[in-house]
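Working notes, structure below.
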Amino acid sequence: MKSIPLAALLALPLVALAQGNVLIDITDPEGDDVGDGTLVYPRDSAFAPGDLDLRGLRVFAEPDALRFEARFRNPIRHPSTVKAGGLGSEDLSLFARHGFYAFNVDIYLDTDRVAGSGRTDTLPGRGARIAPDHAWEKVVVLTPRPELMRRQLHDARTEGPASGQPAATGSIDQAVFFATDVRVRGRSVSFTVPRSFLGSLNVADWSLTAIVTTAKLQIEAGLTLGKASAVAAEPLALGAQPPAAGRPEVAMGYGAERAPATAIVDLLSPDARQQTAQLAPGGQLIGLNRDNRFGAAMTLPVVPVPVPVPPTGPAPPVAASPTPAPPVTPTAPPAATPRPAAGAAALPAPAASASAPRTRDAAFFEEQELRLRALKRLRDGGLITEDEYQQKRREILEKL
Ligand SMILES: [Ca+2]
Ligand SMILES: [Ca+2]
């Protein structure tokens with residue numbers, strides 16, 4: 001076989017080599033990582049403005065699979081380079097083993113394009129609804145802890161009918177796919193989804209609805225401390241961190257009087273005005289197709305984009321880990337081995353910022369007590385230093 005001259009190889013367009021067979025290519029505006037227009041980034045330097053700003057989604061044909069590629073505004077930071085408040089001295093690689101940590105991407109696929117056929121709800125913790133004309137049969141989920149999230153969803157379904165989400169336990173794996181074959185490169189993260197899950201590879205005939213939510217940086221304590229834990233009673237959020245009032249540490253904040261209707265930070269839509277309208281209270285998400293157009297049901301009024309609330313202060317510098325994390329075994333489920341660090345998960349998020357003072361009711365004082373106890377547990381477990389303990393304790397007590 002004759003080898004190809006180097007000059008000829010170099011002459012090939014690089015994009016052609018890298019992209020393969022693009023079936024879908026939908027772009028998204030820059031700077032709309034503000035949900036319905038009211039969101040501000042968390043205080044913790046693990047999140048920098050733009051980290052959750054989706055810029056595009058492409059779908060490629062592969063043998064017996066589709067590859068989805070989400071592109072973001074910022075280079076995707078590796079979990080081993082980032083520490084987050086509340087995790088003590090641990091970097092995020094303990095919790096996120098697939099090369100990213102900050103976001104979840106759900107892609108809801110309407111594969112039959114029959115109005116009213118399929119589900120119109122979204123996964124737990126997202127809080128959005130999808131228009132009946134785009135009701136989905138399959139959902140593909142990119143999340144930093146896919147194995148754990150899959151188990152959470154199964155556990156929730158087997159523990160009782162309380163949640164009212166996907167019905168039969170056996171059908172979960174047919175409807176929900178948690179991606180584990182994940183590749184992160186620069187600003188892009190891609191993953192493959194096999195035909196055996198999708199049923200066919202005719203994505204060009206489908207309608208898809210893609211959303212970005214903030215990923216929870218901490219494993220829910222209820223999973224590792226037993227079901228008796230109060231945290232276990234929290235509604236299933238499936239790795240999505242909902243926005244909270246003010247400017248919280250590891251959750252998206254908002255300055256508006258009313259909480260956003262959904263936990264969505266960025267909705268895939270070439271038109272930023274559509275994002276604002278669809279994420280408004282009572283709004284419905286509208287799927288997109290290969291022509292980058294809205295579906296036939298696109299009748300939503302265009303509403304003015306609210307002015308985003310500026311952050312209350314500059315983000316602190318990134319606390320980069322000087323040494324790379326030790327290699328981890330990708331197959332080990334994060335929660336299978338109880339770690340002392342799990343105690344960190346019991347530390348409730350800090351109360352809302354000073355701009356939105358909490359009512360000092362019984363729940364408030366109970367929360368502060370829980371925080372103090374969790375803090376003591378972290379110190380006793382050697383997860384934070386005595387200085388860190390005293391400083392956090394002072395912060396809590398000053399609020400009482
Ligand atoms: Ca965007
Ligand atoms: Ca968007």
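We count ligands from 1, going down the list as the structure has it; atoms in each ligand are counted the same way.
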Going by chain and residue number, what protein N/O/S atoms come nearer than 3.0 Å to the Ca ion (ligand 1)?
-> Asp28 OD2, Pro29 O, Asp32 OD1, Asp53 OD1, Leu54 O, Asp266 OD2
Give the ring-plane orientation class for Phe197 versus Phe177, where under 30° counts as parallel, over 60° as perpendicular and anything between as tilted.
-> tilted
Asp53 side chain near Asn74 side chain, heavy-atom distance below 4.5 Å | no
Rounded to the nearest 0.5 Å, what separation is found between the CZ atom of Arg55 and the CZ atom of Arg73?
-> 8.0 Å
Give a yes or no on whether the backbone of Ser269 and the side-chain of Gln275 come within a donor-acceptor separation of less than 3.5 Å.
-> no
From CZ (Phe47) to CZ (Phe103), nearest 0.5 Å | 10.5 Å
For Ala115 and Asp133 the tightest heavy-atom approach is CB-OD1, 3.3 Å
Is any N, O or S atom of Gln275 under 3.0 Å away from the Ca ion (ligand 2)?
-> yes
